[in-house]
Engineer: 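Structure in structure tokens, see below.
Everything numeric here is computed off the predicted structure, so don't read it as measured data. We name chains A, B, ... by the order of the sequence lines, and we start the count at 1 in each one.
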There are 2 protein chains.
Amino acid sequence: MKISAQEEYGLRCLVQLANLADGETLTLPQIAELEGISAANAGKLMWLLNKAGFVHSTRGTKGGYFLARPADEIYLNEIIKVLDEDVLSSHCDSYTGVMEKCVHTGDCGIRPVIVGLHEIVENALSRITLASLVGNESKVDAMFHQIQGLHRTLEPQRV
Amino acid sequence: MKISAQEEYGLRCLVQLANLADGETLTLPQIAELEGISAANAGKLMWLLNKAGFVHSTRGTKGGYFLARPADEIYLNEIIKVLDEDVLSSHCDSYTGVMEKCVHTGDCGIRPVIVGLHEIVENALSRITLASLVGNESKVDAMFHQIQGLHRTLEPQRV
DNA sequence: GCTAATCATTACTTTTTAGTCAAGATTAGC
DNA sequence: GCTAATCTTGACTAAAAAGTAATGATTAGC
Ligand code: FES
Ligand code: FES
């Protein structure tokens with residue numbers, strides 16, 4: 001259960017756009033610079049996010065990317081769904097081993113674990129907006145711990 | 001955010017072992033048959049699980065695999081940690097783009113999201129034993145929704 | 001119109017993950 | 001001891017994901 005590169009960087013690029021003042025845009029080289037990835041890679045990510053309708057772009061000189069909607073109306077679960085190809089809906093078709101479908105007939109204890117995990121993650125992400133991720137680490141941290149129902153204070157540190 | 005093949009199949013193989021009566025064992029071809037994967041693949045998975053101490057094995061005729069501990073003392077978070085290479089502890093070292101470490105200095109809104117998601121998943125998995133996954137789909141499903149429900153009821157609490 | 005800056009799209013290469021194979025080691029039963 | 005069934009292990013191959021490159025399209029400013 002881990003975050004893919006596409007989810008990670010895609011999300012980070014969106015946070016950069018959410019950081020902009022109204023009317024400002026970022027070019028691919030700028031995004032690449034800000035996130036420490038190559039411009040080509042940034043281009044691919046932004047292409048995906050554009051197709052999915054999260055950002056708009058203008059071409060030509062003075063062109064660039066900007067959010068298609070206000071950052072406080074974009075929830076993380078929508079973003080992750082696009083960047084992650086939404087694999088859940090076909091779980092029993094994708095991990096089939098050498099068979100066509102998974103071998104479990106009827107009663108299966110695995111399926112609800114997989115589905116349940118995705119529900120829990122979805123549930124958490126659907127409460128967080130892109131806007132709330134902008135430059136406020138301790139705030140985001142507090143929000144997550146509130147969701148979990150845990151009252152721990154985690155010092156911000158690189159992990 | 002998705003389950004890897006290793007997590008999925010490894011967990012499924014363990015559930016098969018948890019299903020055995022006391023003293024029984026399963027051979028690689030049997031496990032492979034039950035889960036619809038190749039014997040070679042089952043062999044690799046069981047090797048991992050053996051190294052990690054979840055199963056024991058006996059070689060030779062009449063050999064096979066069995067759980068090293070009672071299934072109701074094995075929690076899913078331990079299993080997943082082994083099958084998933086525990087990537088969390090080095091998040092900012094692994095998604096570094098073209099840099100050595102991630103570019104964010106100080107205040108970062110992404111890090112707590114990643115860490116928080118892993119905490120939520122870990123938290124859910126640490127409450128479920130291998131034993132509870134054996135052949136009772138609706139029970140497992142109910143358990144997961146109870147965990148989610150728990151989060152919901154805790155959230156509105158004021159401090 | 002021309003040019004430079006920019007996004008768009010597809011094809012390609014590299015890296016990582018998944019899965020297979022083959023040779024070796026161990027054991028029960030004869 | 002011999003044999004057949006079994007696990008063990010490292011090397012190999014295949015598939016998927018990640019990342020790069022190259023070419024084409026659009027636009028602002030001159
Ligand atoms: S995982 Fe698909 S039915 Fe068990
Ligand atoms: S993701 Fe590592 S500091 Fe932002």
Side-chain angles (χ1 to χ4, degrees), chain A residues 1-13 17 24-33 35-66 68 82-87 90 94-99, chain B residues 1-13 17 24-33 35-66 68 82-87 90 94-99:
Chain A
M1 203 82 192
K2 64 175 65 155
I3 290 274
S4 70
Q6 224 175 134
E7 292 173 278
E8 163 92 20
Y9 292 129
L11 190 54
R12 276 160 60 170
C13 291
L17 292 186
E24 288 184 328
T25 65
L26 283 179
T27 68
L28 288 178
Q30 286 174 326
I31 295 172
E33 168 77 20
E35 283 304 332
I37 61 181
S38 73
N41 199 1
K44 189 184 204 174
L45 291 166
M46 296 314 289
W47 180 59
L48 275 170
L49 293 168
N50 195 351
K51 274 203 309 180
F54 290 113
V55 304
H56 285 156
S57 66
T58 53
R59 295 212 256 202
T61 311
K62 302 278 176 185
Y65 292 92
F66 56 98
V82 164
L83 294 170
D84 198 30
E85 312 268 331
D86 194 15
V87 82
S90 60
S94 46
Y95 288 119
T96 61
V98 293
M99 321 289 284
Chain B
M1 204 82 194
K2 65 175 64 157
I3 291 274
S4 70
Q6 227 177 141
E7 291 172 278
E8 163 93 18
Y9 292 128
L11 190 54
R12 276 161 60 168
C13 292
L17 292 185
E24 288 184 329
T25 66
L26 283 179
T27 68
L28 287 179
Q30 287 174 324
I31 294 173
E33 169 77 19
E35 283 303 333
I37 60 180
S38 74
N41 200 1
K44 190 184 202 170
L45 291 167
M46 296 314 290
W47 180 60
L48 274 171
L49 293 168
N50 195 350
K51 274 203 310 180
F54 291 113
V55 305
H56 286 154
S57 65
T58 53
R59 294 211 257 199
T61 311
K62 304 277 176 183
Y65 292 92
F66 55 98
V82 165
L83 294 170
D84 198 31
E85 312 267 332
D86 194 16
V87 80
S90 60
S94 45
Y95 289 119
T96 60
V98 294
M99 320 290 282

Engineer: With respect to the phosphate group of C:dA18, does any side-chain polar atom (N or O) of B:Gln6 fall under 4.0 Å of OP1 or OP2?
Structural biologist: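 True: B:Gln6 side-chain N/O within range (under 4.0 Å) of C:dA18 OP1/OP2.
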Engineer: When you measure from the side chain of A:Trp47, which nucleotide among D:dT20, C:dT9, C:dT20 comes out closest?
Structural biologist: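 Ranking D:dT20, C:dT9, C:dT20 by closest atom to the A:Trp47 side chain puts C:dT9 first.
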Engineer: I want to check one thing: is the phosphate of D:dA18, taken as OP1 and OP2, less than 4.0 Å away from some side-chain N or O of A:Asn41?
Structural biologist: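 Answer no for this pair, as no side-chain N or O of A:Asn41 is under 4.0 Å from OP1 or OP2.
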Engineer: Using purine N1 to pyrimidine N3 plus N6-O4 or O6-N4 for Watson-Crick, or N1-O2 and O6-N3 for G-U wobble, each under 3.5 Å, what pairs with D:dG29?
Structural biologist: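 Across all strands, the one nucleotide that pairs with D:dG29 is C:dC2.
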Engineer: Can you tabulate the close N/O pairs, meaning under 3.5 Å, that link protein atoms to atoms of nucleotides 25-29 of chain C?
Structural biologist:
unit_1: C:dT26; atom_1: O4'; unit_2: B:Arg59; atom_2: NE; d: 3.4
unit_1: C:dT26; atom_1: O2; unit_2: B:Gly60; atom_2: N; d: 3.4
unit_1: C:dT27; atom_1: O2; unit_2: B:Thr61; atom_2: N; d: 3.3

Engineer: Starting at CG of B:Leu49 and ending at C1' of D:dT8, how long is that distance when rounded to a whole Å?
Structural biologist: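 Rounded to the whole Å, the gap is 14 Å.
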Engineer: Starting from P on D:dA18, measure out to CG on A:Leu48 and report it in whole angstrom.
Structural biologist: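 It works out to 11 Å between those atoms.
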Engineer: Closest to the B:Ser4 side chain: C:dC7, C:dA18, D:dA18?
Structural biologist: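 Of all the options, the side chain of B:Ser4 is nearest to C:dA18.
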Engineer: Closer than 4.0 Å, any side-chain N/O of A:Asn50 to the OP1 or OP2 of C:dC7?
Structural biologist: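 No, outside the criterion.
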Engineer: Rounding to an integer number of Å, can you tell me how far A:His56 NE2 sits from D:dT26 C1'?
Structural biologist: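 To the nearest whole Å, that distance equals 17 Å.
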Engineer: Let me spell it out: for each of A:Gly43 and B:Lys44, pick the nucleotide of DNA chain C with the closest heavy atom. Which residue's pick is nearer the 5' end?
Structural biologist: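 The residue whose closest nucleotide sits nearer the 5' end is A:Gly43.
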Engineer: OP1 or OP2 of C:dG19 less than 4.0 angstrom from a side-chain nitrogen or oxygen of B:Ser38, does that happen here?
Structural biologist: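 It does not, given that no N or O in the side chain of B:Ser38 lies less than 4.0 Å from OP1 or OP2 of C:dG19.
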Engineer: Would you kindly give the CD1-to-C1' distance between B:Ile3 and D:dA16, to the nearest whole Å?
Structural biologist: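 Answer to the nearest Å: 18 Å.
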Engineer: A:Lys2 NZ to D:dA18 P: how many Å, rounded?
Structural biologist: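 Taking atom P of D:dA18 as the reference, NZ of A:Lys2 is at 10 Å.
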Engineer: Look at all strands and tell whether B:Leu26 reaches a base, only sugar-phosphate, or nothing, counting heavy atoms closer than 4.0 Å.
Structural biologist: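 The answer is sugar-phosphate, as B:Leu26 gets under 4.0 Å only of primed atoms, P, OP1 or OP2.
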Engineer: Among C:dC7, D:dC7, D:dT20, which nucleotide sits nearest the side chain of B:Thr27?
Structural biologist: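 So the side chain of B:Thr27 is nearest to D:dC7.
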Engineer: Does a side-chain N or O of B:Tyr9 approach OP1 or OP2 of C:dT17 to a distance below 4.0 Å, or not?
Structural biologist: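 Negative; the distance criterion is not met.
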Engineer: To the nearest Å, give me how far apart CD (A:Gln30) and P (C:dT6) are.
Structural biologist: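 Result: 8 Å.
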Engineer: Atom OG in A:Ser57, atom CG in A:Leu26: separation rounded to 0.5 Å?
Structural biologist: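 It comes to 13.0 Å.
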Engineer: Quickly work out the B:Leu28 CG to D:dA4 P distance and round it to whole Å.
Structural biologist: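 Rounded to whole Å, this separation is 20 Å.
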Engineer: Mind calculating the distance between CD (B:Glu33) and P (D:dT6) to the nearest angstrom?
Structural biologist: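 It works out to 14 Å between those atoms.
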